[in-house]
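Just the heavy atoms: all of them, side chains too, but no hydrogens, waters or symmetry mates, feed the values below. Counting begins at 1 with the first residue of the sequence.
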Amino acid sequence: MSSSDSSCYTVVFESSAEYPSASELRSSLEKGSDEVKIDTLRKIIVSTINGNPQPTLMMPIIQFVMPSRNKHLKKLLHFYWEVCPKYDENGKLKQEMILVVNAIRNDLQHPNEYIRGASLRFLQKIAKDAELLEPLIPTCRACLEHRHSYVRKNAVFALYSIYREFEHLVPDAPELIYTFLIAESDSSCKRNAFVFLSQCAMPKAVEYILSIYDTIASLDESLQMSIIEVIRLDCKNDSMHRSRYIRCILELLNAPSHAVKYEAATTLTTLTQNPTAVKAAAACFISLVIKESDNNVKLIVLDRLENLRGKHGQVLDGLIMDVLQILSSADMEVRRKAISIVLSMTSSRNVEEVVLFLKKQLLKTQEADFDKAPEYRQLLIQSIHVTAIKFSEVAASVVHALMEFLGDTNNPSALDVVAFVREVVEKFPHLRSTVCEKLILTLPEIKSGKVFRGILWILGEYVETVSDIQDTMREVRKVLGEIPILASEQRLLDEAGGDAEEEEKDKDKPKEPTSRPKVLADGTYATETAYTSAGAARLEAVKAAAKPPLRTLILGGDFFTGSVLASALAKLVLRFNDKSQDAVASNMLKAEAMLIMASIIRVGQSKFVTVPIDEDSSERIMNCIQTLSELETQPAVHEVFLDDTKKAFTKMLGAQEKRAAEKKEAESTKPVAIQVDDLLSFRQFSKKTADDAIDYDEDVGRATGAGEVQEDFMSNLSRISQLTGFSDPIYAEAYVKMHGFDILLDILLVNQTANTLQNLCLDFATLGDLKIVERPAVYTIAPHGFQSIKATIKVSSTETGVIFGSILWESPNMSEACVILNDIHIDIMDYIKPAYCNEAQFRNMWTEFEWENRVNVSSSLSDPREYLKHVMKATNMSCLTPEGATSGDCDFLSANMYARSLFGEDALANLSIERTEGGTITGHVRIRSKTQGIALSLGDKITMAQKDNKPLTV
């Protein structure tokens, strides 16, 4: 047996401490106790695995270790016989191995069942050495009749390993094992024997299944799994027993073992596409998800159920209520997956039942002890939103139920409700009046500024009748409190004992400190100074007093909500003026609205607010006041307030629907795998009623084109890194290829000298989250010869990595020569892919991520949109900002970008740039991520792309 055919073993770390010499090891083996021998033998095994076999120690091991009765030592001996060189330089078995074979034969006849079983397991490891195995065959066969099951089951697998490699050594093995299987009573022995038949004698395995057909449901779990595997393999060849197999698998769907259930359900869908069988398999999957405790298993089974749903369409829709029971799981990922399956199964026939169930779940989330209630509530609201928009008949029944959550303390849930209500009132005009009435009554319960803004916009756009407008104004006054705000707050301060004039005087007078000594904890004295300001204390008390919700927001500095309120009031007044003939009432309404707007501006400039009013909000409110003051003279403004904003929202919804439809069409459209003029291949002209899993061994590679990988020659050249110089004794270059989570290095070495380079070793080391998988071998390269070496490096994150190393060899005078290699820098872009998320998710991650890298932009490009595309291409990020928001001619551009790595790491970026008068672009890009490496790496990419003034080639 040549060394090139030897087995491959894991490289074990060898301590850098001084390794004992061969004579010291021999002495330890000869004179040491069992513990010393165990430690010595362990060192010898590690040394042998790492390429230093020490053949001179084989005979001392045979002399001094093999006779020992210590079980631990015997187990280590098996490891040693497995890894030690058994053949000499001519490929012939060493003479010492005769003694080893004799010792193994004695162990196979040992009265202790553990030693017999361990020896049989060892035979499986040396199954490629026919000369060693041949004398042991009779003893191994005899072990099939041993009284202990541990010996018998290992004897079966030992014979299996031998028969698979050298059939002539045990020519009657299938008949022997079949006889053994019929007579055997132990479940593990039966399972091993059946596996033997399934791999080496399939007809006998099928014969055995048919002989025990009626008792399969009561067999041991491991044997049932093996039977399912044989059924799957046998049906690949159009078995005549397919119908019996299907009945057998249907019975196994009710097996107590979850693993058997899963395999049975999966196999059933490959055997037949009958709707009843598919439905039974789906019901089994659902039952597994509900009963299984492991969340990872739940997600795997849900993936399988989703695939089944995609292939068999409406067949599974009747099980939708069973799928809804999965929502009882506490894990949010499982709930999300189940909800997505439910939404895909929802139809007009079952939508009412689904919505009723979701509403009940929504009510349960209000219970105090409900697990992860806020997240689950938000998920349910989003699901009901999607369902109600898709099926208009249920919109009326759910919209009022969801509006109960507008005052929810969990802001995201309330915002989802606002988004849903806004879409409902636009798409279903007949619901507008009742929804608006409910919203008007809900105003006092709202706590969030964002929710207030959404509701005020809806009321401003969709409250249309005169009476509803008056009701809206009345409720707005309630949530705003007494008007004018500044005057009422000042009166409260005066009543509390403060006086504005005295306050001003206090400001002009220097405050006198009052001092008194204070004893510290260590007994020393300190001087305590206090400035007293009674007016400031009373002002804080007035600010802290209970107030209506909208007033609290405005005094807290939320003037954006104040500007939205002004806009909504302007729309209501304009609509009231158009619909009402009562000039007095119209004038009173206008005056009241203008008073509220002016009051917001005045209080925003006073001391009663937390922060002063910003210029944008002030300007917006002033525009609304001006619009109402010029009510009769500027009719064009009416159209802007009453029509244009609603048209913009309608257009936005239309764009969203269009994008959703395009996405759905893209997912449903399958690429053309075969051209119309390609050769057609008929497989035995037979119709297979099985799923693609049946033929995966032969067909999946061809069907997916995996066997026809076409690589661009020029792109391969761009990935070649030169490792040494042309004048070095050895020229080296590496082709770097990314493959999933691995980096494959294909290194070419060229001996540029006239000497033979012996014991040449290529030694690599890494920086970053890179790990070298295998230790490189030692090579000999002829003069002017070539050597190709492959190395694999594992990547565990998107941290920028560096691979460096050296080439070592023995020069002609036996001294060690060395060439240092150039560094290979791993490009982060190979692991970052464009991804998408919604605005809320982006904002949450932006707040959560702690690492930020700010890159200043200075580019000669003149078009901001071109620079955005330039950055997206350089960083592999997608733009989340809608195209409509970045269109048009403008000197400013702000856009959000998002990407995700193969390791699940998120990368966010915000681009804010402007075009200067000179035609160049300035600004900055802010990058955020959970880890420092990805933020710095993306920043470096943008900086490098700016220097080149062109996108990087990735």
Quiz item: Run the side chain to side chain contact (heavy atoms under 4.5 Å, CB included) check on Leu302 and Ile326 step by step: do they pass?
Solution: CA-CA 10 Å; Leu302 282 172; Ile326 299 172; 3.8 Å; yes
Exercise. Determine the interplanar angle of the His168 and Phe166 rings, folded into 0 to 90°, and report it as parallel if under 30°, tilted if 30 to 60°, perpendicular if over 60°.
Key: perpendicular
Exercise. Measure up the Tyr160 and Phe196 rings against each other and bin them: parallel (under 30°), tilted (30 to 60°), perpendicular (over 60°).
Key: perpendicular
Exercise. Report the C-alpha distance between Asn112 and Lys71 in whole Å, list the side-chain angles of each, state the deciding distance to 0.1 Å, and finish with yes or no for side chain to side chain contact (heavy atoms under 4.5 Å, CB included).
Key: CA-CA 10 Å; Asn112 184 289; Lys71 293 185 177 62; 3.5 Å; yes
Under the 3.5 angstrom rule, does the side chain of [X] hit a backbone N or O of [Y] as a donor-acceptor pair?
X: Arg152; Y: His146; answer: yes
X: Asn192; Y: Lys153; answer: yes
X: Thr48; Y: Ile44; answer: yes
X: Ser68; Y: Phe64; answer: no
X: Thr267; Y: Ala264; answer: no
X: Ser328; Y: Gln325; answer: yes

Within the 4.5 Å heavy-atom criterion, are [X] and [Y] side-chain neighbours or not?
X: Lys86; Y: Ile126; value: yes
X: Ser287; Y: Lys291; value: yes
X: Val206; Y: Tyr245; value: yes
X: Val170; Y: Arg141; value: yes
X: Asn154; Y: Arg116; value: no
X: Met66; Y: Ile61; value: no
X: Val289; Y: Leu305; value: no
X: Glu229; Y: Ser198; value: no

Between [atom1] on residue [X] and [atom2] on residue [Y], distance to nearest 0.5 Å:
X: Thr276; Y: Ile246; atom1: OG1; atom2: CD1; answer: 11.5 Å
X: Thr272; Y: Arg242; atom1: OG1; atom2: CZ; answer: 8.0 Å
X: Thr266; Y: Arg304; atom1: OG1; atom2: CZ; answer: 4.5 Å
X: Ile216; Y: Gln224; atom1: CD1; atom2: CD; answer: 8.5 Å
X: Leu123; Y: Leu132; atom1: CG; atom2: CG; answer: 9.5 Å
X: Met58; Y: Glu96; atom1: CE; atom2: CD; answer: 6.0 Å

Please name the pair of heavy atoms, one in [X] and one in [Y], separated by the smallest distance, quoted to 0.1 Å.
X: Leu271; Y: Cys235; value: CD2-SG, 3.2 Å
X: Ile104; Y: Leu136; value: CG2-CD1, 3.8 Å
X: Asp294; Y: Glu292; value: N-OE2, 3.2 Å
X: His72; Y: Ile38; value: ND1-CD1, 3.7 Å
X: Cys143; Y: Ala155; value: CB-CB, 3.8 Å
X: Leu120; Y: Val151; value: CD1-O, 3.3 Å

Self-check item: Under-4.0 Å salt bridge between Lys337 and Glu306
Solution: yes
Quiz item: In terms of side-chain geometry, is the basic nitrogen of Lys298 or Glu333 positioned less than 4.0 Å from the acidic oxygen of its partner?
Solution: no
Self-check item: Under the ring pair (Phe, Tyr, Trp, His ring centres under 6.0 Å) test, residues paired with Tyr208 that sit two or more places apart
Solution: Phe194
Practice problem: Go through Glu30 and Gln63 one step at a time and tell me if the side chain to side chain contact (heavy atoms under 4.5 Å, CB included) criterion holds. | Solution: CA-CA 8 Å; Glu30 184 177 349; Gln63 284 179 302; over 6 Å; no
Can you confirm whether [X] is buried at [atom1], in the sense that more than 12 heavy atoms of other residues, nucleotides or ligands lie under 6.0 Å from that atom?
X: Glu165; atom1: CD; result: yes
X: Arg69; atom1: CZ; result: no
X: Arg121; atom1: CZ; result: no

Practice problem: May I ask you to check whether Ser329 and Asp331 show a side-chain donor-acceptor distance below 3.5 Å? | Solution: no
Quiz prompt | Met202/Val230 under side chain to side chain contact (heavy atoms under 4.5 Å, CB included): CA gap, chis, key distance, verdict | solution = CA-CA 8 Å; Met202 178 64 78; Val230 168; 3.7 Å; yes
Self-check item: salt bridge (Lys or Arg N to Asp or Glu O under 4.0 Å) partners for Lys74, two or more places apart
Solution: Asp107
